[in-house]
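First up is the structure itself, then whatever we jot down about it.
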Amino acid sequence: MGKVAFVFPGQGSQFVGMGQALTEQSEAARLVFQQADEALGFSLSGLCFEGPEEELRLTANTQPAILTASVAVLSAFQEKQPGFQPDFVAGHSLGEYSALVAAGALSFADAVKTVRARGQFMEEAVPAGEGAMSAVLNMDRAALHAVCEEVTASGHPVQLANMNCAGQIVISGSAEGVKLAGEKAKEAGAKRVLPLNVSGPFHSSLMQPAADKLHAVLAGITVQDAKIPVVANVSARPVSEAQSIVDSLVQQVSAPVLWEDSVQWMVEQDVTTFVEIGPGKVLAGLIKKIAPAETTIISVQDMDSLTELLNGGVLC
């Protein structure tokens with residue numbers, strides 16, 4: 001039998017109502033939301049369950065909300081299946097913190113406070129309107145990288161930010177840099193360039209001030225060696241040692257998310273089952289475009305999908 005990886009979603013997977021039904025069916029999930037409210041000093045659970053959506057979409061709220069919803073699903077799973085451990089864990093950007101909680105490297109309370117600060121730092125790093133991100137479809141990575149380097153050399157910084165899957169790469173940087181790179185990408189054969197509705201140029205060099213502030217926060221919490229290998233965004237390779245985890249989290253703020261590479265590496269390690277744990281099905285959709293057709297890919301975000309996972313026999 002092949003290996004199992006648990007993967008955790010990042011920003012963009014949130015929706016009003018996430019986690020509410022699960023907390024009514026799982027005591028472990030309810031306690032996770034309660035712990036988040038206590039750690040943050042406000043009702044994050046109320047924001048997740050009732051909105052308003054415009055408040056939930058704010059980066060400083062979205063990041064702890066998705067982390068909490070994901071860890072609640074994980075806790076409900078552990079309540080039903082105590083003792084089971086996947087062979088690898090990974091998360092997309094913010095989702096890496098959920099993966100680190102799953103791996104025992106971060107306590108949930110420390111993680112939720114850290115991502116709240118991370119979101120605030122990212123919002124503060126670049127004034128509104130000065131940064132941007134766009135998804136570029138059906139363009140070779142090397143060719144798009146060359147376009148970004150050319151535009152950056154002209155004085156308008158832009159770089160590859162998310163390598164999501166073949167044919168879907170997100171670029172990030174100054175508003176003018178992203179605009180110019182998008183135009184040049186289309187001239188070079190990109191199928192489409194889609195501006196993203198985000199509050200800043202995430203995973204670009206413009207986020208370095210946020211990375212520096214995050215480093216100080218991470219220095220003040222306990223990070224332990226991971227009990228499960230965590231496939232890091234910045235390297236697409238596993239990290240387990242505490243200092244390597246801290247270094248990866250700091251780099252991740254301004255470095256590209258190597259998601260396609262991470263999934264490919266896990267497939268090469270004989271991972272045949274990917275379980276997306278948390279709101280939405282974004283990662284499942286990406287993994288279907290990366291992994292072999294026979295790979296088992298399951299999204300778990302509520303009690304129905306959790307029951308389906310447990311009864312499906314794929315974790316035996």
Side-chain angles (χ1 to χ4, degrees), residues 1-10 12-13 70 73-74 77 81 84-96 98-100 102-103 135-145 160-170 189-192 194 203 226 228-240 248 252 255-302 304-316:
M1 179 182 169
K3 296 177 182 176
V4 176
F6 282 3
V7 296
F8 298 87
S13 293
S70 297
V73 176
L74 176 69
F77 168 82
Q81 191 86 356
F84 179 87
Q85 284 196 338
D87 298 283
F88 299 100
V89 292
H92 191 286
S93 187
L94 159 73
E96 192 156 289
S98 303
L100 288 164
V136 181
L137 305 185
N138 288 15
M139 187 169 182
D140 175 74
R141 186 189 298 190
L144 185 55
H145 177 67
L160 306 187
N162 297 340
M163 267 60 81
N164 285 333
C165 64
Q168 187 188 125
I169 300 172
V170 175
K191 183 178 180 180
R192 294 180 72 188
L194 305 172
H203 300 292
I228 305 167
V230 182
V231 182
N233 287 178
V234 297
S235 63
R237 293 295 183 272
V239 292
S240 296
S248 292
Q252 186 218 59
V257 173
L258 303 179
W259 186 251
E260 180 182 8
D261 309 66
S262 296
V263 173
Q264 287 176 339
W265 185 86
M266 286 185 276
V267 168
E268 290 167 4
Q269 309 314 305
D270 196 31
V271 170
T272 58
T273 300
F274 289 88
V275 182
E276 179 177 11
I277 295 182
K281 298 182 179 180
V282 172
L283 298 186
L286 295 178
I287 293 168
K288 284 176 184 175
K289 298 177 182 178
I290 302 168
E294 62 272 17
T295 303
T296 300
I297 305 166
I298 302 168
S299 292
V300 180
Q301 58 180 313
D302 53 27
D304 288 345
S305 53
L306 175 55
T307 301
E308 184 180 341
L309 170 68
L310 295 174
N311 292 341
V314 298
L315 301 182
C316 295

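In this text the structure is predicted, and so the values were computed from the model without any measurement.
- In this structure, I287 and W259 have side chains that are in contact, with non-hydrogen atoms separated by less than 4.5 Å.
- Residue-environment remark: CD (Q81) exceeds the threshold of 12 foreign heavy atoms within 6.0 Å.
- The structure places CG of L194 at 9.0 Å from CD of Q168, a figure rounded to the nearest 0.5 Å.
- Contact detail for N164 and I290: the closest heavy-atom pair is O-CD1, 3.3 Å.
- For D261 against A236, the heavy-atom pair with the smallest separation is CB-CB, 3.6 Å.
- Across all their heavy atoms, A291 and V267 have their closest contact at CB-CG2, 4.0 Å.
- Side-chain contact check for L310 versus F77: some heavy-atom pair is nearer than 4.5 Å.
- Between the D270 side chain and the G2 main chain, no donor and acceptor come within less than 3.5 Å of each other.
- The ring-ring contact (aromatic ring centres under 6.0 Å, His included) check on F274 picks up nothing, with sequence neighbours excluded.
- When only modelled atom types and interatomic distance are considered, H92 and N162 share no side-chain donor-acceptor pair under 3.5 Å.
- In this structure, the side chains of V4 and L315 come closer than 4.5 Å at one or more pairs of heavy atoms.
- Interatomic distance, CE of M139 versus CG of L137, reported as 12.0 Å (0.5 Å rounding).
- Pairs of residues two or more places apart, or lying in two chains, that qualify as side chain to side chain donor-acceptor pair (under 3.5 Å) and include a residue from residues 286-302 are E276-S299, D302-S305.
- Shown here are the ring-ring contact (aromatic ring centres under 6.0 Å, His included) partners of H203, two or more places apart in sequence or in another chain: there are none.
- Two residues are said to be in side-chain contact when any heavy atoms from C-beta on lie closer than 4.5 Å; D87 and V271 fail this criterion.
- How far CZ of R237 is from CD of Q269: 7.5 Å, rounded to the nearest 0.5 Å.
- Summarising the geometry, atom CG belonging to L258 is positioned 5.0 Å from atom CE belonging to M163; distances are rounded to the nearest 0.5 Å.
- Side-chain atoms of Q252 do not come within 3.5 Å of backbone N or O of V257 as any donor-acceptor pair.
- The shortest heavy-atom contact between V89 and A103 is CG2-CB, 4.1 Å.
- Contact between S70 and P279 at its shortest, heavy atoms only, is OG-CD, 3.6 Å.
- Distance CG/L309 to CD1/I298: 5.0 Å, rounded to 0.5 Å.
- Proximity of S98 to F6: side-chain heavy atoms (C-beta onward) are nowhere separated by under 4.5 Å.
- Atom OG in S262 sits 5.5 Å away from atom CE in M266 (nearest 0.5 Å).
- Residues A102 and I228 share a closest heavy-atom pair of O-CD1, 3.8 Å.
- At least one donor-acceptor pair under 3.5 Å links the side chain of N233 to the backbone N or O of G91.
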